[in-house]
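This one's a predicted model, so the numbers in the text were calculated from it and none came from an experiment. Just follow the structure's listing: the first ligand is 1, and inside any ligand the first atom is 1.
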Amino acid sequence: MQHIFKNLNGKIKINHLYFEQLGQTAGCEGQPVLRIENRHCRAVIAYQGAQVLQFQRHNHAPLLWLSPLSNFTPKHAIRGGVPLCFPWFGKHPTESKVPSHGFARNMPWLLQSVTESEQDHTLIFTLKDNDETRSIWPHAFNAMLEIRLGELLNLDFSIVNVDQNPFDFTFAFHSYFAIEHIARTQILGLENAPFLDQLKPENGFSQMESTPIRINQETDRIYQCNRGNYKIVQDHLNQHILIQSSNCPNVIVWNPWVEKTSKLGDMSADSWQNMLCVESGRIMDVITLDVGQTINFHLTLSSV
Ligand code: BG6
């Protein structure tokens, strides 16, 4: 049996769904979030950025990493989960005053519907251009994120060009994974894929490695890879992480290590040990979307 709940922006409580406020303190109103507990998993999703903050399959360790020092002040990026980077990844190529990784992760999204079935919950969030987005990026768009929460975490992101002219953008799912320890973790699936080291960009995509990736220093790499199938293996654990993507020819591997972490105000000094970003997107070749066209990006994450 399926139940569909629509226009869920109030504080109400229905089957397996709980509307809460996260990070509320005397000086900060915090962030509205939705907590879901169903037969397969528990998850927390922020309205800001339609950002999945937590996902945990029952009897498994948490899949996603969320910094305990995250800033939950509205309009600030939340450090962890799966932020959406749109309409650009990283620093804007020409403007220095606009937000890093675009504005989508800093804006409140609209929860359009929640569908509950025996197997999972499906949430649909949307973001349309408004005065604030147009002051940063002068284009009319409709963005939608469909989040399916069951044994797996499925994310479908789409953008429709509702402007009078074509527009250019890039996009990434900026997934933060929770790991037992970075020194005992490897990433499989990026062997022999050329990468750009963002710490030494002058070398371009001239490097590749033939073995699974192990991280022992600050790492910030963009891979060119169309496999769409990656695995995070933890040496002493039976539990591994699977990443499957489509339409995402770039994989970004990021761990800030000791020094960079100490400069980020929303991470504790040793938290680089327990987090790893393996992000999926299309960030190297700018995407031109024609008037009326739609483009989709898909990501499935699971712990096995
Ligand atoms: C990664 C980038 O995706 O995000 C890094 O490759 C960046 O260069 C990191 O430092 C975090 O970005 P931010 O804006 O969330 O601090």
Exercise for the section: Note the single closest protein heavy atom to atom 3 (O) of ligand 1, along with its residue, its atom name and the distance in Å. Expected result: Glu279 OE1, 2.7 Å

Practice task
Would you mind checking which non-hydrogen protein atom is closest to atom 14 (O) of ligand 1, with the distance to 0.1 Å?
Solution key: Ser100 OG, 2.8 Å

Handout entry: Polar contact flag, side-chain donor to acceptor under 3.5 angstrom, Glu180-Asn274
Key = no

Exercise for the section: Before giving the answer on salt bridge (Lys or Arg N to Asp or Glu O under 4.0 Å), spell out for Asp235 and Arg214 the whole-Å C-alpha distance, their side-chain angles and the decisive distance to 0.1 Å. Expected result: CA-CA 11 Å; Asp235 296 346; Arg214 283 202 182 263; 3.1 Å; yes

Problem - Residue part near ligand 1, for Arg105, under 4.0 Å between non-hydrogen atoms - result: side chain

Problem - Partners passing side-chain hydrogen bond (donor to acceptor under 3.5 Å, both in side chains) against His298 (at least two apart in sequence or in another chain) - result: Asn154, Asp156, Thr300

Exercise for the section: Would you mind reporting whether Ser70 and Asp266 have side-chain heavy atoms less than 4.5 Å apart? Expected result: no

Problem - Identity and distance of the protein heavy atom lying nearest atom 1 (C) of ligand 1 - result: His174 NE2, 3.5 Å

Completion exercise
If you scan protein heavy atoms around atom 12 (O) of ligand 1, the nearest is His101 NE2, 3.3 Å

Problem - For atom 5 (C) of ligand 1, closest protein heavy-atom neighbour - result: Asp220 OD2, 3.2 Å

Exercise for the section: State, without any angle test, whether Gln48 and Gln31 hold a side-chain donor-acceptor pair at a distance under 3.5 Å. Expected result: yes

Problem - Protein contact of atom 10 (O) of ligand 1 - nearest heavy atom, named by residue and atom, plus distance - result: Lys260 NZ, 3.1 Å

Handout entry: Verify same cluster id: Phe195, Leu188 (apolar side-chain graph, 4.5 Å)
Key = no

Problem - 4.5 Å side-chain heavy-atom contact, Phe205 and Met284 - result: yes

Handout entry: For Phe89, the ligand 1 atoms whose distance to one of its heavy atoms is below 4.0 Å
Key = 3 (O), 6 (O)

Handout entry: Which of the ligand 1 atoms, numbered from 1, are nearer than 4.0 Å to a heavy atom of Ile252
Key = 6 (O)

Practice task
Check for a donor-acceptor pair, side chain of Tyr18 on one end and backbone N or O of His16 on the other, with a separation under 3.5 Å.
Solution key: no

Handout entry: Element-labelled atoms of ligand 1 that are located less than 4.0 Å from some non-hydrogen atom of Gln198
Key = 6 (O), 8 (O)

Practice task
Write out the residue and atom name of the closest protein heavy atom to atom 13 (P) of ligand 1, then the distance separating them to 0.1 Å.
Solution key: Arg79 NH1, 3.6 Å

